[in-house]
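Take a look at the structure set out below.
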Amino acid sequence: MHWADVTAQALAHKSDTHVVSTGITPSGEFHIGHLREILTGDMIARAAENAGLKVDFVFIIDSADPLRKVYDFLGPEYEQFVGNQLGAIPAPKEDGNPDWDRFKNENWTYANHFLEPFLKALKEIGVEPRLIDNLDSYRSGRFAELSKIACDRADEIRETIERVSGRELPDGWFPWSPLNSRGGLDKVRVTGYEYPLVHWEDEYGESGSSDLTKGEGKLPWRIDWPAKWGWVGVTCEAFGKDHGAAGGSYSTGREIVKILGHEPPQPLVYEWISLRGKGAMSSSAGNTIGPIEALRLVPPQILRLLIAKSKPNKAIEFDTGMGLVTLADEFERLAARNFEQELSNEDLSRRQKVQIEDAAGAMKMATVVSGQNIEATAVTFRHLALLAQTKSSDEAVWSSLQSSGVIESVTPQLQDRLNRMRYWIQSTHFPVEMRVNILTQPNKAAIQGFSKEEAAILRSISHELSTCEWNKREINAAIPRSIESVPVAHKWLAYKVAYLCLMGMEKGPRLAPILVEIGQQKIIKLLEASVELLEA
RNA sequence: GGGCCUGUAGCUCAGUCAGGUAGAGCGUCGGACUUUUAAUCCGAUGGUCGCGGGUUCGAACCCCGUCAGGCCCGCCA
């Protein structure tokens with residue numbers, strides 16, 4: 001059974017209506033790691049619906065969280081906003097400094113700025129959760145009731161956090177962080193509490209009262225999370241392994257939520273996604289790839305497959321090079337399979353059956369629209385990468401595929417894939433192994449090791465190509481013709497020699513169309529130089 | 001120090017919850033194919049299940065210990 005179905009089954013045992021929640025702080029550029037948060041939730045929600053449950057899938061935007069520091073991508077003017085809430089400060093402009101105009105005129109905030117492109121990417125991936133803005137929720141009093149309980153029972157909450165996390169909270173700690181005189185959540189001390197007011201004093205010498213029904217402050221994270229479970233009614237949430245550790249925020253949250261009068265949600269801990277060869281993703285280290293960037297390279301189904309096929313507790317290495325080719329080709333293979341037919345085979349061992357079911361489950365989760373059928377395009381990534389590199393026009397790519405009988409007509413899906421492929425090829429992510437590369441210097445090592453026959457073939461190829469008309473058909477005929485005068489068993493050898501001398505490898509893509517693009521002169525020059533090496 | 005996760009074929013991982021002859025894909029190698037889609041098809045190759053004990057008729061799986069990697073216990077989502 002697919003992991004999402006396992007969780008859905010656990011939910012089904014509890015109730016037939018559920019709220020599956022996800023949450024992210026919009027503190028900077030979203031990256032593909034955040035996609036796991038959302039997609040894990042989405043897949044659980046989808047599986048639960050498939051199991052006949054009624055599901056509300058929500059995405060809580062943690063816009064009430066403060067700006068932690070002036071990140072590298074921010075200008076120095078952001079110093080004044082450190083500690084202020086992300087949904088209450090202006091978005092950065094190109095130069096990294098605050099865009100006051102948009103903030104004043106449209107209330108365009110820091111949180112909006114980073115959230116918007118992510119939501120756009122989500123839509124393309126087929127994820128459309130109900131959005132809950134956390135700052136708005138505070139301001140409109142959604143947290144009021146539970147904040148009151150937290151403040152009334154501050155001692156119990158304090159005891160819980162200290163006992164479960166094993167860390168000591170400072171004197172004067174209070175389960176409500178009021179906004180100070182400058183709108184920040186730090187540099188402020190709670191001096192008293194009479195519902196609904198929390199009295200405070202800040203380091204600027206000001207004092208005041210924070211009304212917790214109006215969002216003039218927020219609950220600290222370890223209480224904020226369980227309070228959200230409470231008022232939203234969350235019954236299931238997937239979260240990163242950082243929250244999941246003993247003493248982490250889930251283990252305190254599950255006790256605190258009971259103090260607040262609710263039950264903890266069904267947890268599911270997931271591992272991080274890292275970029276291959278670059279370690280864990282971190283915005284400040286600059287080693288991120290955003291969901292938007294990733295979508296330019298691969299179709300959404302393949303991105304979904306990446307998450308769907310890995311169990312949540314497995315770390316994923318996202319590889320924008322050869323790994324992407326492997327992943328895309330795996331997708332095509334899976335799309336071409338008929339799982340129902342495979343499962344109808346009675347002789348399957350339990351193990352084989354599980355494997356087929358998991359593959360089928362992963363593909364079900366990979367579709368952008370739930371329940372939609374994925375059709376194999378019959379064109380592998382490798383093949384398309386090759387065509388896209390050798391044909392400058394899309395028309396030429398399609399006619400090649402049509403004449404070889406791979407496709408009948410050009411579907412929007414194929415056009416879409418070709419567009420992404422062209423983007424990938426001109427990006428820095430495209431792997432060198434895939435790049436069509438004609439040698440500029442003769443392949444000395446290979447040529448010196450040539451047998452008598454191979455040497456003869458090389459001479460012959462050089463002759464044939466310099467005299468043939470420079471088009472695909474003639475070149476195609478010229479290469480096998482080059483062995484006619486040489487007594488060898490297989491014409492395969494002609495190709496081997498050609499590939500070694502022109503591309504430096506034993507096998508390769510169809511030569512003719514590439515050679516046409518490169519031009520006769522250059523090729524002849526290379527071959528003549530190679531022949532000279534033979535004489536030496 | 002305390003805790004969680006991970007360790008199975010060259011690579012990526014299933015299989016561990018319900019113990020019953022070690023699995024898949026990729027890769028590699030061989031064969032087929034008289035224009036090569038780095039294609040396709042067929043076949044083969046491949047593992048002391050991190051290590052050591054214990055329980056059991058039987059352990060990748062349960063228990064104890066141990067090694068290695070990652071993470072958390074710092075308001076940090």
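Within every chain, numbering begins at 1; the chains are lettered A, B, ... in the order of the sequence lines, protein sequences first and strands thereafter. These numbers come from a predicted model, not from an experiment.
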Output the single nucleotide from B:rC75, B:rU6, B:rC26 whose closest atom is nearest the side chain of A:Lys314. B:rU6
Residues A:Glu271 and A:Lys314 bridged, charged N to O under 4.0 Å: no
Pick base, sugar-phosphate or nothing for A:Leu185, based on heavy-atom distances below 4.0 Å to the nucleic acid. nothing
Distance between P atoms of B:rU45 and B:rG30 (Å, rounded): 15 Å
Starting at atom CG of A:Leu305, determine the distance to atom P of B:rU12, rounded to an integer number of angstrom. 17 Å
Taking donor-acceptor contacts at under 3.5 Å, does the side chain of A:Tyr495 reach the base of B:rU35? no
Would you measure the distance from the P atom in B:rC61 across to the matching atom in B:rA22 and give it in whole Å? 13 Å
Whole-Å distance, A:Trp176 CH2 to B:rC75 C1', equals 15 Å
Nearest-neighbour nucleotide for the A:Trp173 side chain, B:rC75, B:rU35, B:rC5 considered: B:rC75
So what does A:Leu387 touch, heavy atoms closer than 4.0 Å: a base, only the sugar-phosphate, or nothing? nothing
In terms of the angle between their ring planes, are A:Tyr71 and A:Phe73 parallel, tilted or perpendicular, with boundaries placed at 30° and 60°? parallel
Starting at atom CG of A:Leu327, determine the distance to atom C1' of B:rG27, rounded to an integer number of angstrom. 17 Å
Should A:Ile438 and A:Ile514 count as side-chain neighbours, where that means a heavy-atom distance under 4.5 Å? yes
Between A:Lys228 and A:Asp224, is the closest basic N to carboxylate O distance under 4.0 Å? yes
Quick one: A:Asp358 CG to B:rG25 C1', roughly how many Å, whole number? 13 Å
Thinking salt bridges, do A:Lys218 and A:Asp62 make one under a 4.0 Å N-O criterion? no
Mapping A:Lys309 and A:Val436 to their closest nucleotides on RNA chain B, which lands nearer the 5' end? A:Lys309
In whole angstrom, give the distance that lies between atom CG of A:Leu511 and atom P of B:rU35. 15 Å
Classify A:Asp62 by what it touches in the nucleic acid, base, sugar-phosphate, or nothing, heavy-atom distance under 4.0 Å. sugar-phosphate
Please check the phosphate of B:rA38 (OP1 and OP2 only) for any side-chain N or O of A:Lys496 closer than 4.0 Å. no
Over 60° means perpendicular and under 30° means parallel, so tell me whether A:Phe430 and A:Trp424 are parallel, tilted or perpendicular. perpendicular
For atom C1', what is the distance between B:rA9 and B:rU48, given to the nearest Å? 13 Å
Rounded distance in Å between the P positions of B:rG10 and B:rC49: 13 Å
Closer to the 5' end of RNA chain B via nearest nucleotide, is it A:Ala477 or A:Ala315? A:Ala315
Select one nucleotide: of B:rG70, B:rC5, B:rU36, the one nearest the side-chain heavy atoms of A:Lys241. B:rG70
Between A:Asp394 and A:Arg422, is the closest basic N to carboxylate O distance under 4.0 Å? yes
Between B:rC41 and B:rG25 - P atom distance, rounded Å: 12 Å
Using the C1' atom as the reference point in each nucleotide, state the distance between B:rA24 and B:rC63 in Å, no decimals. 30 Å
B:rU6 OP1/OP2 closer than 4.0 Å to side-chain N/O of A:Lys311: no
Using the six-membered ring wherever Trp is involved, compare the ring planes of A:Trp229 and A:Trp225 and label them parallel, tilted or perpendicular (cut-offs 30° and 60°). tilted
Inter-nucleotide P distance (B:rC51, B:rA68), Å rounded: 15 Å
Just checking A:Asn313: base, sugar-phosphate only, or nothing, at a heavy-atom cut-off of under 4.0 Å? sugar-phosphate
Is A:Asp65 touching bases, backbone alone, or none of the nucleic acid, heavy atoms closer than 4.0 Å? sugar-phosphate
Distance between P atoms of B:rC64 and B:rC4 (Å, rounded): 11 Å
Just call it for A:Phe239: base, sugar-phosphate, or nothing, with non-hydrogen atoms closer than 4.0 Å on any strand. nothing
Between A:Glu159 and A:Arg153, is the closest basic N to carboxylate O distance under 4.0 Å? no
Please tell me which of the listed nucleotides, B:rC13, B:rC75, B:rG25, lies nearest to the side chain of A:Arg333? B:rG25
RNA chain B: stems of at least 3 consecutive Watson-Crick or G-U pairs, cut-off 3.5 Å? B:1-7 with B:67-73, B:10-13 with B:23-26, B:28-32 with B:40-44, B:50-54 with B:62-66
Do the ring planes of A:Phe118 and A:Phe30 sit parallel (below 30°), tilted (30 to 60°) or perpendicular (above 60°)? parallel
For A:Arg222 and B:rC72, what is the distance between atoms CZ and P respectively, to the nearest whole Å? 12 Å
Rounded to the nearest angstrom, tell me the gap between atom CZ in A:Arg435 and atom P in B:rA38. 17 Å
May I have the distance from A:Glu332 (atom CD) to B:rC26 (atom P), rounded to whole angstrom? 14 Å
